[in-house]
Amino acid sequence: MLTLIAFLVVIGVLIFVHELGHFLVAKAVGIQVLRFSLGFGRPLVSFTRGETEYWISWIPLGGYVKMAGLEDEGMAGELEGGKSAVPLDPARAFDQQPLLARIAVILAGVTMNFLFAFAVYASLFATVGEPRTAITPVDSVDVDRLPPAAAPLAALGRGGLITRINGDTVRTWDDVQDHFLGHRGDLRIEVAGRPAPIELHMAGAPDSVRRSALLTLHPQTVARIGLVNPGQPAARAKLRLGDLIVRVDGDSVRSWEDMVRRVRSSPGKALTLDVQRGDSILRVTVTPEAQGTRGVIGAAADPRGIVLRVPVGVGTAIADAAGETVAQVGAVATMVKRLVRGQASTSEVGGPLAIAQMSGQMVRLGVAYYLTWMAFFSVSLAVLNLLPIPVLDGGHFMFLIAEAIRRKPLSLQLRLRLTQIGMLVVLAIMVLAISNDVLKFFR
């Protein structure tokens, strides 16, 4: 039930935000809005206020704003609940407005999704703080990869806890990174229980050397399962959030790195895991999937107790929120590009069930994680809506670009034909996503 509620809140809020963008800008430029609907099909709840019908419809896979002049285009007909009962004002039809006004209306939905994500990130950063990995003991040091200037780090064995660098207390691994990459002189590293500090004579060392030294350090974290990707080996083995891995094939596991090393070295090989869940010890079998030459099970470490929230000022929160939003846009765009080029499998495309499962896991991690997931999903919806497929906002935008180039709009007949093709493409993608969900669920 919690997963279902978390899913409905995510979908409902993001659809509302997106359609609200179209609605507000359409009203602002004088276009008659006939209907504002969350969901497709016939309404479950409806009322009319002024010249606009407001619906909550029974198919919760999107929403729409029906405007005068567009009532027969796009995903019209029965999918959009049929014609509106509100009398039309031809002078306020969509096509009667200036081109720039129409472009603003079409792009308003994705703009609202981007702004929503930015607002969530900024609010979280300014209130509960930005996420940082807490300082923990060192799990291991890649001695063979140490640059000569950082050779003394070999003395930092398993369990060594860095407490101060150059006299400054360190609370997070970001603090360690800042000292390694931001300090141009030597480094004096103090370790708990060690009488003498570790001295690194790195004055004048280039950034590449400092970065290489930093990357040899692996923090020690508890081997506790966090997010589990739907359909992946961890999910098929019924591993869940909060499970503590205590043994792999009978060998004790002392850290997340211990477990990762065993998984990576065992592609296609069944591993027996002893898992502590609550007060019980369970035994499960998981077979890592091969990803190149390494094995993966599709699970991440539980961030609770590992991630700290570090308060920042409002200015920093705003700047970092903008950076995070742009970074997420890049990540989603890269994934779409890889799918289009065939560099990623279409089996990675998830549908409503995958979104629901991730929403349920995120809400169990905590409100901050749930809101972060909602912000990321908002960015994802915005990027996908910008794809140049008729029916989507990107397709409508391309119609308007064509009109600007031709100095006259495409014919209604051509728009309808392209929109029908676009609807078939979108429906095919939805069928693929839902099929993947079903296959993953029953694997």
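Throughout, numbering of the chain's residues begins at 1 and tracks the sequence.
The shortest side-chain heavy-atom distance between Val13 and Met374 falls under the 4.5 Å cut-off. Looking at Trp55 and Arg42, their side chains come closer than 4.5 Å, going by heavy atoms from C-beta outward. For the pair Tyr121 and Asp320, the minimum side-chain heavy-atom distance is 4.5 Å or more. Side-chain contact between Gln220 and Leu161: absent, with no pair of heavy atoms (C-beta onward) separated by less than 4.5 Å. With a 4.5 Å cut-off on side-chain heavy atoms, Ile225 and Trp256 count as touching. At a threshold of 4.5 Å between non-hydrogen side-chain atoms, the residues Leu386 and Leu392 do not count as touching. Phe399 has its side chain out of reach of Ile106: every pair of non-hydrogen atoms, C-beta onward, lies at least 4.5 Å apart. A heavy-atom distance below 4.5 Å is not found between the side chains of Gln32 and Gln96.
Within 6.0 Å of CD on Gln343 lie more than 12 heavy atoms contributed by other residues, nucleotides or ligands. Around atom CZ of Arg304, more than 12 heavy atoms belonging to other residues, nucleotides or ligands sit under 6.0 Å away. The environment of Met335 atom CE is dense: over 12 non-hydrogen atoms of other residues, nucleotides or ligands sit within 6.0 angstrom. Around the CZ atom of Arg407, the shell of radius 6.0 Å holds no more than 12 heavy atoms that belong to other residues, nucleotides or ligands. Within a 6.0 Å sphere centred on CZ of Arg309, other residues, nucleotides and ligands contribute more than 12 heavy atoms.
In terms of heavy atoms, Val425 sits closest to Ile389 at CG1-CD1, 4.1 Å. What you find for Ala213 and Thr216 is that their closest heavy atoms are O-OG1, 2.6 Å. Leu308 and Ala134 make their closest contact through CG-CB, 3.7 Å (heavy atoms, listed as atom of the first residue, atom of the second, distance). Residue Ile306 comes nearest to Asp302 through the heavy atom pair CD1-O, 3.0 Å, listed as atom of the first residue, atom of the second, then distance.
A donor-acceptor pair is defined here as one N or O able to donate and one able to accept, closer than 3.5 Å; such a pair exists between the side chain of Ser37 and the backbone of Gly39. Side chain of Arg364 to main chain of Gly360: a donor-acceptor pair is present (N/O by atom type, distance under 3.5 Å, no hydrogens or angles). No donor-acceptor pair under 3.5 Å is formed between the side chain of Ser266 and the backbone N or O of Val263. For the pair Ser378 (side chain) and Asn113 (backbone), a donor-acceptor distance under 3.5 Å is present. No donor-acceptor distance shorter than 3.5 angstrom exists from the side chain of Arg35 to the backbone of Glu53, with no hydrogens or angles considered. Of the possible polar contacts, one joining the Arg210 side chain to the Phe180 backbone as a donor-acceptor pair under 3.5 Å is found. The closest donor-acceptor contact from the side chain of Gln361 to the backbone of Val228 lies under 3.5 Å. A distance-only check finds a donor-acceptor pair linking the side chain of Arg236 to the backbone of Gly231 [under 3.5 Å]. Side-chain N or O atoms of Arg224 include none that pairs as donor or acceptor with a backbone N or O of Leu244 at under 3.5 Å. Checking side-chain atoms of Arg277 against main-chain N and O of Ser280 turns up no donor-acceptor pair under 3.5 Å.
For Trp373 and Tyr369, the ring centers sit 6.0 Å or farther from each other.
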Stepwise, does the side-chain contact (heavy atoms from CB on, under 4.5 Å) test hold for Val105 with Met67? CA-CA 10 Å; Val105 172; Met67 291 172 266; 3.8 Å; yes

Check the pair Thr133, Thr172 against side-chain contact (heavy atoms from CB on, under 4.5 Å), reporting the backbone distance first and the verdict last. CA-CA 5 Å; Thr133 303; Thr172 70; 5.8 Å; no

Derivation and outcome, side-chain contact (heavy atoms from CB on, under 4.5 Å), residues Arg102 and Val29: CA-CA 9 Å; Arg102 285 178 280 149; Val29 301; over 6 Å; no

Pair Asp168-Asp175, side-chain contact (heavy atoms from CB on, under 4.5 Å): steps then yes or no: CA-CA 9 Å; Asp168 297 329; Asp175 294 338; over 6 Å; no

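Qualifying side chain to side chain donor-acceptor pair (under 3.5 Å) partners for Gln232, counting only residues two or more places apart in sequence or in other chains: none. In this structure Arg132 satisfies the side chain to side chain donor-acceptor pair (under 3.5 Å) test together with Glu130, sequence neighbours excluded.
Rounded to the nearest 0.5 Å, atoms CD1 (Ile5) and CG (Leu8) are 8.0 Å apart. Atom CG of Asp243 is separated from atom NZ of Lys238 by 12.5 Å, given to the nearest 0.5 angstrom. Put simply, CG on Leu44 and CH2 on Trp58 are 9.0 Å apart, with the number rounded to the nearest 0.5 Å.
Judged purely by distance below 3.5 Å, without hydrogens or angles, the side chains of Asn166 and His183 pair a donor atom with an acceptor atom.
When each of Phe16, Phe36, Tyr64 is tested with Phe23 by the rule ring-ring contact (aromatic ring centres under 6.0 Å, His included), just one qualifies, namely Phe36.
Salt-bridge formation is detected for the pair Arg184/Asp207: a Lys NZ or Arg NE/NH1/NH2 atom is positioned less than 4.0 Å from an Asp or Glu carboxylate oxygen. Contact check on Arg415 versus Glu403 returns no salt bridge, with no Lys/Arg side-chain nitrogen under 4.0 Å from an Asp/Glu carboxylate oxygen.
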